[in-house]
Amino acid sequence: MKELIKVSGKKALAAFVDFPHELYAGDVNYVPELFIAQRDLLTPGKHPFYEHSEIQLFLLYDQGKVIGRIAAINNTNHNKVYESKDGFFGFFDCINDAAAAKQLFEAARAWLRERGLTKVLGPVNFSTNEVCGLLIEGFDGPPVAMMPYNAPYYLPLLEQMGFQKNVDLRAYRYTAGNYSDRSVKLMDRIEDRLKRNDIILRKINMKKFKEECNAVRDVYNKAWDKNLGFVPMTDKEFDYTANDLKMILDPEFCILAEQHGKIVGFALAIPDINQILIKIKRGRLFPTGLIKLLANKKKIDGIRILLLGVVDGYRKMGIEACLYGRIIKHFEAKRMKYAEASWTLDHNDLINKPIEDIGGKLYRKYRILEKAI
């Protein structure tokens with residue numbers, strides 16, 4: 001007899017966080033999330049998301065063993081921005097069983113329906129500012145930092161329940177020596193032209209991290225205003241994310257464009273910390289995980305180009321090319337082996353074409369699905 005429960009208390013929350021470790025045991029591409037980070041993310045009061053929105057976690061048991069999990073998410077900020085009644089599902093993991101998956105989703109839909117929501121989208125872990133998307137192409141390797149991973153059978157499970165495509169997301173890969181360095185060669189000339197308009201590029205000043213983040217936050221919320229489902233981060237949400245990233249940040253990979261002291265664009269690439277996390281059993285830092293993390297941090301030889309944005313009024317001036325160029329220069333200087341640019345919208349030719357022109361190869365796709373409640 002299958003038993004569905006609402007997660008309540010530390011023991012159930014730990015079971016919710018740990019279930020993927022059991023589900024993907026033996027999968028060489030699976031990367032465990034850090035337990036502490038996931039626990040805090042899913043604990044009201046720990047993450048600023050809960051100051052304006054709510055979630056409900058569900059676990060499905062079969063003869064005392066967890067066989068599935070899901071989070072129903074009511075992101076009230078999203079619905080205010082888009083004047084919609086959208087609900088979301090996230091943190092979905094399940095054995096390859098249609099009945100089990102249906103039971104999880106029916107529980108999530110009922111919870112969302114009680115709040116007057118009329119459509120469910122996902123997988124989205126809170127919002128598109130966090131991990132989102134279902135892997136549908138490119139199962140041949142582990143995910144890079146802050147990207148999702150799931151088994152190939154997830155898509156058929158969702159489609160059987162009537163979920164349909166909302167949008168696809170792309171991930172591109174560059175490998176050392178196998179891309180065009182045209183943007184690097186042109187960068188000095190373009191930067192000279194930008195300087196005539198008093199626009200300069202520089203790396204982030206870590207000694208003024210708080211002040212720099214305050215300036216970047218405004219750019220972030222403006223540069224992505226027309227992107228898929230984008231919801232501006234609150235000050236506390238942005239600071240929470242920035243403080244997490246600060247622990248792994250290489251300032252040479254965080255490039256700011258500014259004019260008269262005002263930030264008008266930025267690019268951020270982060271080390272592929274998954275190279276280390278994949279070796280940390282069950283995401284526990286203690287007793288040996290922290291040692292692995294500290295000992296291997298400098299050995300990471302891949303990056304994820306996480307963000308690149310320029311505010312309206314400064315686009316198509318060459319700033320984007322220079323931001324990419326700066327990242328490529330440091331990539332070469334550090335003798336990195338690969339970079340992933342992710343994610344981009346499937347239909348966003350304005351972004352996808354320059355990535356492809358430089359030599360990025362489309363190698364993975366993710367999907368956000370939807371269904372009427």
Side-chain angles (χ1 to χ4, degrees), residues 1-24 30 32-33 35 37-44 47 49-50 53-62 64-76 78 86-115 117-128 130-136 148-164 166 229 283 366-373:
M1 177 67 69
K2 295 183 176 67
E3 179 189 9
L4 183 84
I5 69 163
K6 290 183 177 180
V7 172
S8 178
K10 293 182 180 179
K11 185 177 180 180
L13 179 59
F16 187 94
V17 173
D18 283 341
F19 172 59
H21 309 327
E22 313 299 335
L23 183 65
Y24 291 104
Y30 170 69
E33 297 277 6
F35 178 81
Q38 288 288 285
R39 181 197 63 193
D40 288 354
L41 187 66
L42 295 168
T43 302
H47 192 284
F49 174 83
Y50 300 98
S53 297
E54 59 181 336
I55 71 171
Q56 178 60 58
L57 309 180
F58 296 93
L59 277 173
L60 184 62
Y61 287 84
D62 187 9
K65 181 180 179 181
V66 178
I67 60 169
R69 70 173 192 171
I70 198 170
I73 303 164
N74 179 18
N75 187 332
T76 56
H78 168 93
D86 297 335
F88 297 90
F89 75 88
F91 302 95
F92 170 67
D93 285 292
C94 186
I95 63 172
N96 191 5
D97 183 291
K102 183 177 181 181
Q103 193 170 350
L104 286 164
F105 275 97
E106 286 304 317
R109 288 178 67 201
W111 186 88
L112 295 169
R113 192 185 301 116
E114 288 173 0
R115 282 145 184 81
L117 305 175
T118 59
K119 183 169 68 174
V120 58
L121 301 100
V124 174
N125 295 353
F126 292 176
S127 75
T128 56
E130 284 85 28
V131 177
C132 63
L134 186 80
L135 179 63
I136 61 171
Y149 179 75
N150 55 264
Y153 64 78
Y154 277 40
L155 182 60
L157 277 183
L158 291 168
E159 290 177 335
Q160 286 177 42
M161 288 184 285
F163 277 90
Q164 297 180 331
N166 176 275
Y366 303 82
R367 179 165 295 172
I368 292 178
L369 300 107
E370 64 176 52
K371 181 180 179 180
I373 294 176

Please list, chain by chain and in numerical order, all residues satisfying side chain to side chain donor-acceptor pair (under 3.5 Å) with E370, sequence neighbours excluded.
N166
Checking Y50 now: which residues fulfil ring pair (Phe, Tyr, Trp, His ring centres under 6.0 Å) with it, not counting sequence neighbours?
F126
Within residues 4-16 or reaching into it, pairs that qualify as side-chain hydrogen bond (donor to acceptor under 3.5 Å, both in side chains) - sequence neighbours excluded
none
Identify the heavy atoms of P20 and Y30 that sit nearest to each other, and give their distance.
CB-OH, 3.4 Å
Point-to-point distance, once rounded to the nearest 0.5 Å, from CG of D40 to CD of Q38
10.0 Å
Listing, residues 95-106 side-chain donor-acceptor contacts under 3.5 Å, not counting sequence neighbours, or none:
{"from": "D97", "atom 1": "OD1", "to": "A99", "atom 2": "N", "distance (Å)": "3.0"}
{"from": "D97", "atom 1": "OD1", "to": "A100", "atom 2": "N", "distance (Å)": "2.7"}
{"from": "E106", "atom 1": "OE2", "to": "R109", "atom 2": "NH1", "distance (Å)": "3.0"}

Partners meeting side chain to side chain contact (heavy atoms under 4.5 Å, CB included) with V124 (sequence neighbours left out):
F88, C132, I368
Donor-acceptor pair, side chain of E130 and main chain of S127, under 3.5 angstrom:
yes
Above 12 or not: heavy atoms from other molecules or residues under 6.0 Å from CD of E159?
yes
Going by side chain to side chain donor-acceptor pair (under 3.5 Å), name the residues that satisfy it together with S53, two or more places apart in sequence or in a different chain.
T76
When the side chains of residues 67-74 are checked against the rest of the protein, which donor-acceptor pairs come out under 3.5 Å, sequence neighbours left out?
{"from": "R69", "atom 1": "NE", "to": "F91", "atom 2": "O", "distance (Å)": "3.1"}
{"from": "R69", "atom 1": "NE", "to": "D93", "atom 2": "OD2", "distance (Å)": "3.1"}
{"from": "R69", "atom 1": "NH1", "to": "F16", "atom 2": "O", "distance (Å)": "2.8"}
{"from": "R69", "atom 1": "NH2", "to": "D93", "atom 2": "OD2", "distance (Å)": "3.0"}
{"from": "N74", "atom 1": "ND2", "to": "E54", "atom 2": "OE2", "distance (Å)": "3.1"}

Listed partners of T118 passing side chain to side chain donor-acceptor pair (under 3.5 Å), at least two apart
none
State, to 0.1 Å, how close L135 and N150 come at their nearest heavy-atom pair, and which atoms those are.
N-OD1, 2.8 Å
Residues passing the salt bridge (charged side-chain N to carboxylate O under 4.0 Å, His left out) test with R367, sequence neighbours excluded, are D168
Less than 4.5 Å apart, any side-chain heavy atom of V17 and any of E33?
no
With sequence neighbours excluded, what pairs up with E3 under the side chain to side chain donor-acceptor pair (under 3.5 Å) test?
none
Return the set of residues passing side chain to side chain contact (heavy atoms under 4.5 Å, CB included) with I373 (not counting sequence neighbours), or none when no residue passes.
L112, R113, L117, V120
Test F163 against L157 for side-chain contact (heavy atoms from CB on, under 4.5 Å), laying out the working first.
CA-CA 9 Å; F163 277 90; L157 277 183; over 6 Å; no
Please report the interatomic distance CG(L4) to CZ(F58), rounded to the nearest 0.5 Å.
6.5 Å
Can you sort out the partners of Y149 under ring pair (Phe, Tyr, Trp, His ring centres under 6.0 Å), two or more places apart, ordered by chain and number?
Y24
Does N125 use its side chain to pair, donor to acceptor, with the backbone of G90 at less than 3.5 Å?
no
About how many Å separate CG of L134 and CG of L155, when rounded to the nearest 0.5 Å?
6.0 Å
Reported CD1-to-CH2 distance for the pair I55 and W111, which is rounded to 0.5 angstrom:
8.0 Å
